[in-house]
Amino acid sequence: MSEIPKTYEPPAIEAKWYAFWEQNGCFSADPKSPKPAYSIVIPPPNVTGSLTLGHVLNNTIQDILARRARMTGHEVLWLPGTDHAGIATQNVVEKMLRKEGAMKHRDDLGREALVGKIWEWKEKYGGIILKQLRALGASCDWSRTRFTMDEDYSRCVSRVFVDLYKKGLIYRGKRMVNWCPASLTALSDEEVEMKEQKGFMYHFRVEVAEEPGTFLTIATTRPETIPADTAVAVNPNDPRYTHLIGKHVYRALPLEVPKEQRRIPIIADEHVTFDFGTGVLKVTPAHDKADYEIGVRHKLPVIDVLTPDGRMAAEAGAELAGLDRFAARKKAAEILEAAGALEKAEPYVNNVGFSERADVPIEPRLSEQWFLKYPSVEQARACVMQPGELQKENGSAGFQPAASGILPDAQDDRGSNDVADKMPATAGRMPALPSSNANMRFFPDRWAKVYDHWLNGIQDWCISRQLWWGHRVPVWKKRVTINDYQLDADVFGWSGLNASREENEKAGVVVRVFRVRDGLEVTPEDYSFRTSETKDDTETFDVFVATADEEKGRGLEKNGFAQDTDVLDTWFSSWLWPFATMGWPEKTDTLAKFYPTTDLVTGPDIIFFWVARMIMAGFEWMGELPFKNVYFTSIIRDKQGRKLSKSLGNSPDPLDLIAKFGTDALRFGTMRSAPLGTDVTFDEKNIELGRNFCTKLWNAARFRQMQGGETEADIVPTLLTSDDKWILLRLDAAVREVSTALDEYRFSEATAALYRFFWSEYCDWYVEASKATLAGTDDARKANTLAVMDYVFSHTLRLFHPFMPFITEELWQGMGFANDMPANQGGKTIMFAPWPEPFTAEEREYFILDESDEQFANAKYEVVNLGRGLRRDFNIASSKRVRFVLKPNAKLADHETAVMQILLNAEPLEVNAAFAAAKGTPVALTPLGELFLPLDGLIDVAAERERIGKEIAKVEDELAKVRVKLADPNFAGKVPAKVLEDHQQRERDWSEKQAQLAKMRDALGSP
RNA sequence: GCGCGGUUAGCUCAGUGGUAGAGCACUACCUUGACACGGUAGGGGUCGCAGGUUCGAAACCUGCACCGCGCACCA
């Protein structure tokens, strides 16, 4: 045993052991290992990201799971990496380039140069967060680090795109999309966040063309879009307006356009609500999703009055053109007011969609984009267990760790079908499949409902982005006319393509041809439509060729094709993460061993963005779910309940916290404060708690070391004291509690159990009690106590290791526990030491453990508590040694007396069955007898009588409560036998105590 | 509007039908030989409100209030 320094200095120790683990390949995952697999893929942080408390929480959990799995004999893969994060990364680098003066606008550089700059930036600064994760102790297999724009990964993305295109699930279309005027790109519905916004509801009048003098009043929040109105709509059943349907009004803006050109129809549409606003709706197909649909129903023209960057276009009229949309809103109201058309403008709060990334209101905009009809939706929906659904296998949660050194049982729990009839009917249009496939669990399970709800109402996914940084859409396009175009010769004659659809698709190439005139796809099997179907020489077609093969793409470019300029939504690559990082589409060893992964740990905020889509992708391309359990972390908030964010400045830097308190303290404190399923409020006090706990652990180790002696000597069962047996039983309880809590992903409960066990049980009672033996002269017993201490400490360190990897490794090695273990089971590092198991029946028998020992120890500690109470009542400092006398109920071993004496800080603790106390001597009634605190010259009979009187009052209070219950005939009649017995026992105990106390009081004589 | 959480000590939170708990904060005493980042003891709660079920409710049911979140939205 080498000497343990006086204080724990985290930085040096953390650096030392992390390097040791890495150098010894402790994190690397071997697909050829015979051990059962445990795998987890990191939610890839943005490549521009740096460590936040959210990451700390998330990755600490993953590390705990991974480290524990290693200790339970699993071959562990924790696969790290980063995400290219399209918009975010492009923004960061563009901003930097503008700051450096390298460009004003991205067009100054051009696409290729800018993308080149971003790559440069990525190589230089990207992925800092991965280095920071090392500081957190993350045991990732760094040799497998992946980036979503790695060459291999990008090929997966293209391949998946082509596959979906082939399946007809990806299509190009002109649709209303969410347009971000700041980022100048389309967004998916999930990237739009509804926010309340204060504004005005403007009421303005328009005149009915056919009935001069008759006006309709329209309510709107967006008067600047009036120039884009192409109709006015009322509900067909609204009696106020039915007579006007079919007539026209004059649009209010722009004023300079001749009145007759501003005539728009009054139409009837069910979408209009009677009692909202005035019951008259202005219809703006170009700038509102619902209005667009009305426009489609009524074949209305579309007038676009906004530019992509959110300014008013020329069509908006001279006065508005060029203005920003918000300025234009004010201006439009002013114009209406000046024209006498504005009736009122009242303050109004409505919900507006904001671009999540740029934090500006989005514009619904008609534009041509790529869309995806989600694949494998039914399977994805059916595979997740809903709250309340029973799991077939004995109801236990989480992965089942195999016993150390034992080969895996089949962990696959699919195929159960007897839960099918218990599946609750799911509300919604499309009932989920029977739950026979439901074998993925969410923690907490209520997220499964949110997930199911989203899948039920799922809309096609707009996957194209008008950005440069990302995976470019792998589609090449050429417009051809029948006259000058020879499909066979120019396209299919080219060596890379074939004339038949099947053969092309077999080669990974998908060709689609659309007639420009009507947008219809022309789909004869052999593309021979060219000559036979039309005689019109001017007919033009758009030919789209999708291929994941860049070689082929370049060939197409030589033939006049041009690649689509859009890139794909970042999540279109992230959703492949669990298998694209493991070598898909090759059938790799890694995939065979580690897919599907065991656990996914992520935030509930990306349940739709990422989790749901990964599940679909897993089914679609692997035919299997990507993970078995999903743990949704808490959201960390500040004391005001706000999310932590850099812009609010309420986000402490984890690296500062590590510097101040140590990594283990940060990990332990965070885990202790983050219960399953609720948000957590960050408080540095929690990290302080972690730091204090580390110190306690450190000092307990030092105490052991100061006792010297042999490390981990064999325990001699016959020499075990009641305290020894007590702590062994407490350890056993802690092992069970911690293991169960971890199985159910209840990390805060696991840490609470560890804290309680180590601090309150081991340090406060056992170590203190052991001092009686250690200070004594019985060497055999001394050695035995040290052996028990080592046994408990070595198991404790292992229980702690997943939470606090560094300090536990340092002590594991420093205390010499590594020496007795086989190299691959803790001999080299605690990382592979076997996870503690509860005692077997044989072990219990060997140590002669039974409840009576525990009860006796508890009784002893109760004597101590009561004696300390007497001290307090008589104001005797805990450091002052005083004489106590115990008048015992039964014979006591000398050793037990010695323990109580040291715990009471008594000198001496006299055991005297015949003790005759002076009248008025303070006394406490304990489970082992009457405990006196003789106070020479300080005896106050009246005070002592009063003190005992208070005790009696307390006892009588309890007694009364129990008796009321027992007296109720219903109680005795209906209560389970066990409960009745408990209450009867309680009654007996309290009344005995009452009698004894009364006797003690009476002995003092009457006042 | 629909759905989901939450409401327990001053603060942060455990507690799935049977004697109300932890950490922090607070009070008193203690620099006793592992630890003052510590020890010992202590004060502090009609468990959001109102009904109901039950012998018994912080827990189960119903309704309400307030806080938070998600989805959908009416111009």
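Residue numbers begin at 1 in each chain, while the letters A, B, ... track the order of the sequences.
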message: Would you say A:W759 places a side-chain N or O within less than 4.0 Å of OP1 or OP2 belonging to B:G39?
response: yes

Q. Base, sugar-phosphate, or nothing: which does A:D275 touch, judged by heavy atoms less than 4.0 Å apart?
A. nothing

Q: Answer with base, sugar-phosphate or nothing: what part of the nucleic acid does A:S879 contact at a heavy-atom distance below 4.0 Å?
A: base

Quiz item: How about A:F806 and A:Y8: are their ring centroids closer than 6.0 Å?
Solution: no

With rounding to the closest Å, how many angstrom separate the C1' atoms on B:G18 and B:A59? 12 Å

It should be established whether A:R868 places a side-chain nitrogen or oxygen under 4.0 Å from OP1 or OP2 of nucleotide B:A41. yes

| field | Nearest-Å distance once atom P is located in both B:U8 and B:U46 | value | 12 Å

*asked:* If you take the centroid of each ring, where Trp contributes its six-membered ring, are A:F443 and A:F632 closer together than 6.0 Å?
replied: no

> Contact class for A:C694 vs. all strands (heavy atom < 4.0 Å): base, sugar-phosphate, or nothing?
Replying inline: nothing

Note to self: Tell me whether the side-chain N/O atoms of A:T681 come closer than 4.0 Å to OP1 or OP2 in B:C13.
What the structure shows: yes

_At 4.0 Å (heavy atoms only), tell me whether A:N875 reaches a base, stays on the sugar-phosphate, or touches nothing._
nothing

Rounded to whole Å, the CZ-C1' distance (A:R756 to B:G23) equals 14 Å

- Which part of the nucleic acid, if any, lies within contact of A:L689, taking any heavy atom under 4.0 Å across all strands shown: a base, the sugar-phosphate backbone alone, or nothing? sugar-phosphate

Just call it for A:K685: base, sugar-phosphate, or nothing, with non-hydrogen atoms closer than 4.0 Å on any strand.
sugar-phosphate

Between A:H983 and A:V192, the residue closer to the 5' end of RNA chain B by nearest nucleotide is A:H983

In whole angstrom, give me the gap between the C1' atoms of B:G23 and B:A14. 10 Å

Ignoring backbone atoms, test whether A:N865 places a side-chain nitrogen or oxygen under 4.0 Å from the OP1 or OP2 oxygen of B:A41. yes

Notebook entry, point to check: What integer number of Å spans the C1' atoms of B:G33 and B:G38?
Noted result: 14 Å

Please state the C1' separation for the pair B:G68 and B:A34 - nearest whole angstrom.
-> 45 Å

- How is A:K771 classified with respect to the nucleic acid when contacts are heavy atoms under 4.0 Å: base, sugar-phosphate, or nothing? base

Worksheet item: For B:G23, does either OP1 or OP2 sit under 4.0 Å from a side-chain N or O belonging to A:K696?
Response: no

Looking for any heavy atom pair under 4.0 Å, which part of the strands does A:A877 touch: base, sugar-phosphate only, or nothing? sugar-phosphate

Q.
Can you confirm whether or not the ring centre of A:Y348 sits under 6.0 Å from the ring centre of A:F200?
A. no

So, A:F608 versus A:W454, ring centres under 6.0 angstrom or not?
yes

Interatomic distance at P, B:G39 relative to B:A25, whole Å:
12 Å

So, is A:N692 close to the B:G38 phosphate, meaning a side-chain N or O under 4.0 Å from OP1 or OP2? yes

From NZ of A:K978 across to C1' of B:G18 the rounded distance in Å is 10 Å

Using the C1' atom in both, what is the distance from B:A20 to B:C30, to the nearest Å? 31 Å

Is the phosphate of B:A75, meaning OP1 or OP2, less than 4.0 Å from a side-chain N or O of A:N350? yes

Has A:D452 got a side-chain atom pairing as donor or acceptor with A:A448's backbone, closer than 3.5 angstrom?
no

* Which is true for A:T273 with a 4.0 Å heavy-atom rule: it touches a base, it touches only sugar-phosphate, or it touches nothing? -> base

Would you classify A:V767 as touching base, sugar-phosphate or nothing, given that sugar-phosphate means primed atoms plus P, OP1 and OP2, and contacts are heavy atoms under 4.0 Å?
base

Query raised in the report: When we call it a touch if two heavy atoms are under 4.0 Å apart, what does A:R702 touch: a base, just sugar-phosphate, or nothing?
Result: sugar-phosphate

- Query: Yes or no on side-chain contact (heavy atoms from CB on, under 4.5 Å) for A:M804 and A:R667, after CA distance, side-chain angles and deciding distance?
  - Reply: CA-CA 7 Å; A:M804 305 191 291; A:R667 291 170 60 122; 5.8 Å; no

Inset, instruction - Using a 4.0 Å heavy-atom cut-off across all strands, classify A:E688 as base, sugar-phosphate, or nothing. - result: nothing

Just to be sure I understand the rule, does A:P444 reach a base, reach only the sugar-phosphate, or reach nothing, if contact means heavy atoms closer than 4.0 Å? nothing

Open item on the list: For a quick test of reading the model: is some side-chain N or O of A:K449 closer than 4.0 Å to OP1 or OP2 of B:C4?
Closed with: yes

Does A:F693 have its ring centroid less than 6.0 Å away from the ring centroid of A:F668? yes

Side-chain contact check for A:S878: nearest option of B:C55, B:G39, B:A75 is B:G39

message = Below the 4.0 Å mark, does B:A75 have OP1 or OP2 next to a side-chain nitrogen or oxygen of A:Y202?
response = no

>> Check for me whether the distance between the ring centres of A:H287 and A:Y292 falls short of 6.0 Å.
In response: no

### Task
Look at the side chain of A:T695 and the base of B:C37, then say whether one donor and one acceptor between them are separated by less than 3.5 Å.
yes

What contact category does A:D683 fall into here, base, sugar-phosphate, or nothing, at under 4.0 angstrom with non-hydrogen atoms? nothing

Taking atom C1' in both B:G45 and B:A22, compute the distance separating them and give it to the nearest angstrom. 14 Å

